[in-house]
Amino acid sequence: MGTCRNPTHPWNSGAPPLSRAVLTILCVAVALLAPAGLVRAQTPVRAPADAVHLVVLHTNDVHGQALARRATWIQDREVWVGGLGRVAAYVAAVRAEHRGERKGVLVLDGGDWFQGTPEGQVDGGLPFLELMLEVGYDALVAGNHEWDLGAANLKRLVAAAGGRALCANVRERVPAGAGTESPGPRALELAPFRVVRRAGLDIAIVGLVARETPFITHRDARDFDFIEPVEEFGRVLGELPEGVDLVIPLSHCGVDADRALASAFPDLALIVGGHSHTFLREPVRVGATRLVQAGAKATVVGRVDLWIDPRTKRVVEVAARLVDLEEEPAGQARVPRVERGIAALVERAADALDEVVATLVEAPHPGGPLRSSGLGNWIADTLRSTLNADVGIHNKGGIRAGLAPGPITRRAVFEVVPFENTAVAFDLSGAEILALVRRSFEGQGRRGFEFSGMTVHLESGRAGTKVSGVRFGVNELDPDRTYRVATNSFLATGGDRLFEMERPLVLEDSGMVIRDMLAQDLAARSRFTPSNEDRVVLRGVGR
């Protein structure tokens, strides 16, 4: 539904938020009071000859990528990368090779399982999740996009995962005035952690999701409390059974939030992450803690080799890397049940998706946080014209793939905007438009948005970037005029907090799914050249 990036949302639900410093002190204290063996100091020393060798394989933000995809970022040759079939083959190969006394393999996923491809979204993501379980994942954290089809669908996915779907920091909301400061029970039968035995070690995997999730997914998520991950992780440590040898947070919170967790719990050896789509060829070091993340779309598999002293249970040596999946596995290396499942999903999703709807003449400009993109211009233009509005607005994070010159299929359009959002219209005053433009383009966390029908003028100075004006053609924005705005249903219902107003909006939902609207626009054009104009006029600051 929305972006998978990791913006900071200084919000809270209920009690006043604790400061980062207070949370750090609180949670380090919890860790120190936890039973011995839960977390161990990770001072690097030479691994003893009889060290336990644990291999942790990890993915994150797979987003339904059943098939290999064209690596459009490689210009000098045609390369097809990744896909769940190649992930399965690599996992099977490592498991076959890494057997024996004091050896073990752990397979983890950092969230956002199915949303993003036609194959992933068959039957609400359930068949794709079942394929991931066939790959052999020991634990998967429920990411923000697991909420995209609502709480009921997520609950059914959790049931299918049979204890392997984790998330500790989502709680049922305690009614106001209930007379308790304790958080409510954990939501949707998600397990907060799972203890897995490998190579003679009891390993606890703890699931955590980004606290801003309610504002970047289905509105159902706003009926639950998303607890600060650092706070909740400290609480979970006190819930783990005695005798746990190693604790690994499995985080769909993004690299910045993982840094905060590592700072609060400096004895952690490893945090396996997701959400920010970061390709960490080398792990991020926070003290002795390694943070790892494997990009997105099953392009690579992350591999972490841990050597653990069998007596002290200390991690004494670590090696981490990303394994590229650029080669199709040989026949004998494939995992037949996964390959059959992928073929079945492709068949179920194939109806009409391979139809060519237009030809792209020129590649769209990629844009940037304060720069319009070619695809963003096209989507916003189509929203505005389809709903006969003055302004079209679309979130940058809702554009999930690019388009290359040549034939454009319905599948390609799907991958650009894979969400179930519909086109929605409503009225805003000029003053309200100016306020939302300022919220989005000014300040440290500015992300901007894609738009049509206006230009935004920015100036930089000692106070930072400021909006100096908004124009509709040659005319300045009129604060007293009413403007018709067209956008997607995710933004219109509170996503990304873009349209936070002091009054309720009166929404007119067309019922038209955005990608269907775009496919119709392409079919009417036959040959398509996107508008690459920059609709942000920026003076005195880099882009």
Side-chain angles (χ1 to χ4, degrees), residues 1-3 219 364 367 371-399 413 416-417 419-441 447-457 467 469-525 528-537:
M1 280 198 167
T3 178
R219 62 181 305 115
R371 187 174 184 183
S372 305
S373 71
L375 286 182
N377 287 345
W378 168 50
I379 295 170
D381 287 347
T382 307
L383 277 164
R384 183 166 68 98
S385 62
T386 301
L387 298 189
N388 194 28
D390 300 298
V391 183
I393 292 177
H394 191 79
N395 52 318
K396 288 180 177 290
I399 303 173
V413 177
V416 171
V417 280
F419 311 113
E420 299 300 315
N421 299 321
T422 53
V424 176
F426 49 88
D427 291 333
L428 291 181
S429 70
E432 288 171 325
I433 290 175
L434 180 59
L436 72 89
V437 168
R438 284 176 170 160
R439 284 200 303 271
S440 296
F441 286 89
R447 290 182 289 161
F449 51 81
E450 305 287 358
F451 56 90
S452 170
M454 63 184 187
T455 57
V456 172
H457 293 254
V467 175
V470 177
R471 293 188 176 90
F472 287 78
V474 297
N475 299 316
E476 288 285 347
L477 175 78
D478 182 349
D480 298 320
R481 179 186 160 185
T482 297
Y483 295 86
R484 192 69 165 164
V485 177
T487 188
N488 61 66
S489 54
F490 166 70
L491 291 179
T493 56
D496 281 354
R497 291 182 150 184
L498 182 63
F499 293 108
E500 279 193 339
M501 303 294 164
E502 294 181 355
R503 63 179 179 88
L505 296 176
V506 179
L507 306 181
E508 296 180 17
D509 194 326
S510 70
M512 182 179 295
V513 176
I514 300 293
R515 61 174 173 268
D516 293 338
M517 176 191 72
L518 295 174
Q520 288 182 18
D521 178 73
L522 288 174
R525 294 172 184 264
F528 171 52
T529 301
S531 169
N532 283 326
E533 67 175 328
D534 197 350
R535 296 169 181 179
V536 179
V537 180

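All values below were derived from every heavy atom in this structure, side-chain atoms included, with hydrogens, water molecules and symmetry-related copies excluded.
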Once you round to the nearest 0.5 Å, how far does CG of L387 lie from CE of M512?
8.0 Å

For T455, what residues pass the side-chain contact (heavy atoms from CB on, under 4.5 Å) criterion, not counting sequence neighbours?
H457, R471

Short N-O contact, R439 and E500, less than 4.0 angstrom
no

Closer than 3.5 angstrom, by distance alone: can the side chain of R535 be matched with the main-chain N or O of F451 as a donor-acceptor pair?
yes

Does F490 offer a backbone N or O that forms a donor-acceptor pair with the side chain of N488 under 3.5 Å?
yes

In Å and rounded to the nearest 0.5 Å, what is the CD1 to CD1 distance from I393 to I379?
13.5 Å

Checking R515 now: which residues fulfil salt bridge (Lys or Arg N to Asp or Glu O under 4.0 Å) with it, not counting sequence neighbours?
E420

State, yes or no, whether a side-chain contact exists between F426 and V506 at a heavy-atom distance under 4.5 Å.
no

Using 30° and 60° as the class limits, which term best fits the ring planes of F472 and Y483: parallel, tilted or perpendicular?
parallel

Using only atom types and a distance under 3.5 Å, with no angle test, would you say the side chain of S510 pairs donor to acceptor with the backbone of A423?
yes

Taking all atoms of both residues into account, what is the closest heavy-atom pair of A492 and V424, and its distance?
CB-CG1, 3.9 Å

Is the side chain of T386 donor-acceptor paired with the backbone N or O of L383 at a distance under 3.5 Å, no angle test?
no

Is a side-chain donor or acceptor of N421 paired with a backbone partner of S489 at a separation under 3.5 angstrom?
no

How far apart are the C-alpha atoms of L498 and T487, what are their side-chain angles, what is the distance that settles it, and do they pass the side-chain contact (heavy atoms from CB on, under 4.5 Å) test?
CA-CA 11 Å; L498 182 63; T487 188; 5.8 Å; no

State, to 0.1 Å, how close I399 and S373 come at their nearest heavy-atom pair, and which atoms those are.
CD1-OG, 4.4 Å

Closest contact, heavy atoms only, N377 versus E533:
ND2-O, 2.9 Å

R384 with D390: basic N within carboxylate O range, under 4.0 Å:
no

Would you say L522 and W378 make side-chain contact, with heavy atoms under 4.5 Å?
yes

Pairwise side-chain contact, S429 with D480, heavy-atom cut-off 4.5 Å (strictly under)
no

Any side-chain donor near an acceptor of the partner, T422 and D509, under 3.5 Å:
yes

Going by heavy atoms in the side chains, are L428 and L505 under 4.5 Å from each other?
yes

For N388 and R484 the tightest heavy-atom approach is O-CG, 4.3 Å

Rounded distance [0.5 Å steps], CG in D381 versus NE2 in H394:
12.5 Å

Rounded to the nearest 0.5 Å, what's the gap from OG on S372 to NZ on K396? Could you check?
6.0 Å

Step by step, would you call F449 with L491 a side-chain contact (heavy atoms from CB on, under 4.5 Å)?
CA-CA 11 Å; F449 51 81; L491 291 179; over 6 Å; no

